Amino acid sequence: MRNVRLDICYDGTRYQGWQRLANNPNSIQGKIETALSRILEEPIEISGSGRTDAGVHARGQVANFHCESEMSCEEILEKLQTYLPEDIGIDSCKEVSPRFHARLNAKEKTYEYRVWNSTRPCVFERRFVTVIPESLDVESMDRAAQEFLGTHDFSAFCANKNFKKSTQRCIKTFEVQRHGEEIRFRVTGNGFLHHMVRILVGTLIEVGRGERQPEEMTNLFGQKREMAGFLVPGKGLCLEEVRY
């Protein structure tokens with residue numbers, strides 16, 4: 001049986017997230033599986049590198065699937081680009097080792113969160129940014145972000161209170177930078193808990209507002225969810241890259 005890798009990008013605005021569930025027919029995974037099953041004329045299930053939430057976007061999502069079909073990857077790619085809606089794109093399709101698994105083999109992921117920090121309307125990028133018009137201290141937010149580097153217990157940044165596995169994760173890099181009227185939060189780690197990036201960003205925004213101090217971040221490790229900051233909207237988040 002063949003193992004095929006897909007490199008995927010999508011605008012998550014009108015979807016209820018990546019994962020196909022019985023009560024969620026409008027998912028990225030479901031749309032791609034339906035298209036592949038039609039193209040290859042066999043039931044197809046795909047495994048993604050991670051489950052992005054409702055409204056979250058991706059430039060570098062990775063998935064893999066197994067199939068019996070002998071159709072070339074070039075033809076699969078061409079047909080996928082025909083059958084999928086215009087807000088889901090397949091950048092590449094290639095056969096990989098039978099042992100490759102998009103989620104289990106992932107070593108690092110990079111996410112970027114975009115905040116439109118201006119009173120001016122953001123008409124053309126409105127689906128991809130969260131608007132926060134009040135002044136934010138970018139330098140303080142960046143200093144606070146550095147406190148998250150390394151391996152720590154990020155239980156305070158996990159939305160799933162019933163999560164049974166380890167809440168330890170390693171953050172490799174975390175940068176907060178201003179680009180004109182936009183502030184970008186870019187974080188790379190070996191994995192992320194449910195809503196972790198969005199809660200990290202919400203906590204940093206509270207620092208930017210002067211509601212928290214940068215040096216207080218380390219006090220949040222191992223704490224309960226209520227101790228960390230607010231959950232920012234999904235639309236400002238994008239999965240940028242997955243490394244293996």
Side-chain angles (χ1 to χ4, degrees), residues 1-106 108-114 122-130 191-192 194-195 197-198 233-244:
M1 184 172 284
R2 300 165 66 199
N3 190 16
V4 179
R5 168 175 166 164
L6 300 175
D7 289 86
I8 307 164
C9 57
Y10 49 84
D11 172 352
T13 303
R14 67 187 186 99
Y15 297 99
Q16 294 302 308
W18 166 267
Q19 189 178 18
R20 170 187 39 78
L21 297 169
N23 61 348
N24 175 21
N26 190 32
S27 68
I28 309 291
Q29 180 184 16
K31 294 292 184 183
I32 298 174
E33 286 179 345
T34 298
L36 283 170
S37 298
R38 178 181 177 186
I39 291 165
L40 301 175
E41 298 182 336
E42 60 180 285
I44 298 294
E45 292 186 7
I46 63 175
S47 298
S49 70
R51 302 169 181 175
T52 54
D53 299 320
V56 174
H57 319 288
R59 295 183 191 274
Q61 176 68 283
V62 179
N64 74 289
F65 65 91
H66 295 88
C67 67
E68 299 283 359
S69 173
E70 297 182 0
M71 183 181 294
S72 71
C73 287
E74 291 77 11
E75 188 174 357
I76 294 173
L77 178 60
E78 182 180 351
K79 289 181 179 295
L80 275 174
Q81 292 171 338
T82 299
Y83 288 130
L84 286 173
E86 62 183 2
D87 51 7
I88 301 176
I90 308 298
D91 290 325
S92 70
C93 174
K94 58 186 178 183
E95 196 160 347
V96 289
S97 162
R99 298 178 64 85
F100 175 80
H101 191 284
R103 178 176 59 84
L104 299 178
N105 295 146
E108 291 182 359
K109 296 177 184 177
T110 296
Y111 284 90
E112 184 173 82
Y113 196 91
R114 299 169 60 190
C122 183
V123 175
F124 300 108
E125 293 291 303
R126 67 189 184 281
R127 297 197 306 272
F128 309 106
V129 298
T130 292
F192 297 91
H194 186 218
H195 287 171
V197 176
R198 292 165 60 191
K235 67 176 185 174
L237 185 61
C238 183
L239 173 58
E240 293 287 326
E241 184 180 2
V242 183
R243 287 178 285 279
Y244 294 90

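On a predicted model such as this, the values are computed, not experimentally measured, just so you know.
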Just do the side-chain contact (heavy atoms from CB on, under 4.5 Å) check on Leu21 and Ser27 with the steps written out, would you?
CA-CA 8 Å; Leu21 297 169; Ser27 68; over 6 Å; no

Yes or no on side-chain contact (heavy atoms from CB on, under 4.5 Å) for Leu36 and Ile76, after CA distance, side-chain angles and deciding distance?
CA-CA 8 Å; Leu36 283 170; Ile76 294 173; 4.0 Å; yes

side-chain contact (heavy atoms from CB on, under 4.5 Å) evaluation trace for His57 with Thr13
CA-CA 7 Å; His57 319 288; Thr13 303; 3.5 Å; yes

Salt bridge (charged side-chain N to carboxylate O under 4.0 Å, His left out) for Glu112 and Arg59? Distances and angles first, verdict last.
CA-CA 10 Å; Glu112 184 173 82; Arg59 295 183 191 274; 5.7 Å; no

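In this structure, the separation between CZ on Arg20 and OG1 on Thr34 is 8.5 Å, given to the nearest 0.5 Å. The distance from atom CE of Met71 to atom CD of Glu78, rounded to the nearest 0.5 Å, is 10.0 Å. Separating the CG atom in Leu237 from the CZ atom in Arg114 is a distance of 11.5 Å, to the nearest 0.5 Å. Here the straight-line distance linking atom OH of Tyr83 with atom NZ of Lys31 works out to 15.5 Å at 0.5 Å rounding. The line from CD of Gln16 to CD1 of Ile28 is 10.5 Å long, rounded to the nearest 0.5 Å. Atoms CZ and CZ, on Arg103 and Arg51 in that order, are 7.0 Å from each other to the nearest 0.5 Å.
Donor-acceptor pairing under 3.5 Å is recorded for the side chains of Arg243 and Thr110. At a cut-off of 3.5 Å, with distance as the only test, no side-chain donor of Tyr244 or Ser49 sits close to an acceptor on the other residue.
Scanning all heavy atoms of the two residues, the minimum distance from Ser97 to Asn3 falls at O-ND2, 2.8 Å. Between Tyr10 and Val56, the shortest heavy-atom distance links the atoms CE1-O, 3.6 Å. Gly60 and Val242 make their closest contact through O-CG2, 3.5 Å (heavy atoms, listed as atom of the first residue, atom of the second, distance). Considering all non-hydrogen atoms of both residues, Leu6 and Ile90 come closest at CD2-CG2, 4.0 Å. Here the shortest heavy-atom pairing between Glu95 and Cys73 reads N-SG, 3.5 Å. The shortest heavy-atom contact between Ala102 and Asn64 is N-OD1, 3.0 Å.
A donor-acceptor distance shorter than 3.5 angstrom exists from the side chain of Gln61 to the backbone of Gly50, with no hydrogens or angles considered. Listed for the Arg38 side chain is no donor-acceptor partner under 3.5 Å among the backbone atoms of Ala35.
Within a 6.0 Å sphere centred on CD of Glu41, heavy atoms belonging to other residues, nucleotides or ligands number 12 at most. With a 6.0 Å radius and a threshold of 12 heavy atoms from other residues, nucleotides or ligands, Glu125 has its CD atom above the threshold. Around CZ of Arg14, the count of heavy atoms belonging to other residues, nucleotides or ligands within 6.0 Å exceeds 12.
His101 is listed as a side-chain neighbour of Ser47, based on a closest heavy-atom distance under 4.5 Å. Looking only at side-chain heavy atoms (C-beta outward), Trp18 and Ile8 come within less than 4.5 Å of each other. Counting only heavy atoms from C-beta outward, the side chains of Phe65 and Ile32 never approach each other to under 4.5 Å.
Just one of Asp53, Val129, Thr130 meets the side chain to side chain contact (heavy atoms under 4.5 Å, CB included) condition when paired with Lys235; it is Thr130. Screening Arg2, Glu42, Met1, Glu45 against His66 for a side chain to side chain contact (heavy atoms under 4.5 Å, CB included) leaves a single residue, Met1.
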